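Values in this document were obtained by computation on a predicted structure and should not be read as measured data.
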Amino acid sequence: MSALNVTFENGIALLEMAEPASRNALSDAMREELSAAVHALTGDPEVRAVVLTGSGGVFCAGGDLKKMLANHKAGVVGGAEDITPRMKHLHSWLRLLRDLPVPVICAVDGPAYGAGLGLALTGDIILASDRATFNASFCKVGAVPDANLLYSLPRMVGLQRAREMFYTGRTVDAAEAQRIGIAMEVVTPEALLPRAMEMAAMMVEASPTAFALTKSITARSLELDSEALLAMEAQAQSICLTSRYHQEALERFTQKLPPRFDFR
């Protein structure tokens, strides 16, 4: 049985974590299959959008705590020399997923806990079902936030709110997640994946060049000063305004035709 189901449809790659019995925890198998899938997506010109979701009413419960406990009891945890390579492996494919030059939509149904929250926050857009819950639960097991959360969560909700989630390990429901900026939309569980696929299908029609440049620049917008961003803006716009996509969009506008990209 595969831990991850991967399907392709009209330029959209759907990644569905498929181990609901373990709450789609990041087991060794799940990590390896996510890594393989993300590496396969990287640089594939046929992929124009990605949807990542869970199964069985669970997005991802984070680390495989049962395996961690078994390793402790078996005395095979080792020291930092054993843990650091595992973290670097996680970071290697998580970074690729975060930086894909195409829209990444995370559809969260049920819990997104610990590293599962970090995985959800790799998305450009996060959709949530009304039963979704979010928890940076690391403090409950004496660990620091990982899966890029020390970077992503403060930028999404602000430093004070991120620290509160890190320090307390409290659960944030879907309504609050939308209010504080984690989730863009909240829908019913039944509508979640159809809405994610609908959104991905619309975004497939956007300029891939303009999207990739916008994503890469905004990823650095909180770190660079205004002058640096103005320089990047000018360079990026010189690429976009000389593209065939831009010319065709202008032609459609002057001919009073509907735009190719129309997000709703």
Side-chain angles (χ1 to χ4, degrees), residues 2-26 30-31 33-35 37-38 40-41 47-62 93-94 96-136 147-149 152-153 156-157 171-206 211 215 263-264:
S2 176
L4 183 73
N5 293 329
V6 182
T7 56
F8 294 89
E9 178 182 349
N10 299 324
I12 303 168
L14 172 61
L15 310 182
E16 182 183 28
M17 293 175 280
E19 290 190 328
S22 67
R23 297 164 65 83
N24 297 320
L26 293 174
M30 185 71 78
R31 288 172 181 245
E33 292 189 34
L34 279 166
S35 175
V38 172
L41 296 176
V47 176
R48 297 289 301 277
V50 176
V51 174
L52 173 64
T53 193
S55 60
V58 179
F59 181 74
C60 176
W93 60 263
L94 199 67
L96 287 177
L97 178 61
R98 180 198 67 192
D99 295 341
L100 282 173
V102 299
V104 176
I105 300 171
C106 291
V108 179
D109 184 24
Y113 281 19
L117 174 60
L119 182 58
L121 266 55
T122 60
D124 299 295
I125 293 173
I126 300 165
L127 306 179
S129 77
D130 53 20
R131 65 183 181 186
T133 52
F134 303 83
N135 193 314
N148 203 43
L149 276 171
S152 61
L153 190 60
M156 189 161 284
V157 303
T171 298
V172 172
D173 65 19
E176 182 181 1
Q178 184 178 31
R179 187 171 69 251
I180 66 177
I182 292 176
M184 192 177 89
E185 292 182 11
V186 176
V187 298
T188 65
E190 297 75 21
L192 180 64
L193 187 55
R195 175 56 174 158
M197 296 299 289
E198 175 191 38
M199 192 174 288
M202 289 186 286
M203 298 192 76
V204 160
E205 297 301 325
F211 181 89
K215 181 171 180 173
F263 189 88
R264 299 177 299 279

Within the 4.5 Å heavy-atom criterion, are [X] and [Y] side-chain neighbours or not?
X	Y	answer
E33	E19	no
E16	T53	yes
L52	L97	yes
N10	V204	no
M203	I125	yes

S2 side chain to N5 backbone, donor-acceptor under 3.5 Å: no
Report yes or no: does R48 contribute a side-chain atom to a donor-acceptor pair with the main-chain N or O of A206 at less than 3.5 Å? yes
Please list, one pair per line, the donor and acceptor atoms closer than 3.5 Å that link side chains of residues 55-62 to other protein atoms, with sequence neighbours excluded.
residue: S55; atom: OG; partner: M17; partner atom: O; Å: 2.7

Do other residues, nucleotides or ligands put more than 12 heavy atoms under 6.0 Å from the CZ atom of R23? no
Spacing of [atom1] belonging to [X] relative to [atom2] belonging to [Y], to within rounding of 0.5 Å:
X	Y	atom1	atom2	answer
L127	D109	CG	CG	11.5 Å
I12	M197	CD1	CE	4.5 Å
D130	E190	CG	CD	8.0 Å
F211	L100	CZ	CG	9.5 Å
I126	I105	CD1	CD1	11.0 Å

Closest heavy-atom pair and its distance - [X], [Y]:
X	Y	value
R131	P189	NE-CG, 3.6 Å
A37	L4	CB-CD2, 3.7 Å
M156	I182	SD-CA, 3.7 Å
F263	M199	CE1-CG, 3.4 Å
A13	L41	CB-CD2, 3.7 Å
Y113	T171	OH-OG1, 3.4 Å

Tell me every residue that passes side chain to side chain donor-acceptor pair (under 3.5 Å) with R98, counting only those two or more places apart in sequence or in another chain. none
Output side-chain donor-acceptor pairs under 3.5 Å for residues 114-124, partner residues at least two apart or in another chain, one line each.
residue: T122; atom: OG1; partner: L119; partner atom: O; Å: 2.6
residue: D124; atom: OD1; partner: K215; partner atom: NZ; Å: 3.3
residue: D124; atom: OD2; partner: V104; partner atom: N; Å: 2.8
residue: D124; atom: OD2; partner: K215; partner atom: NZ; Å: 3.0

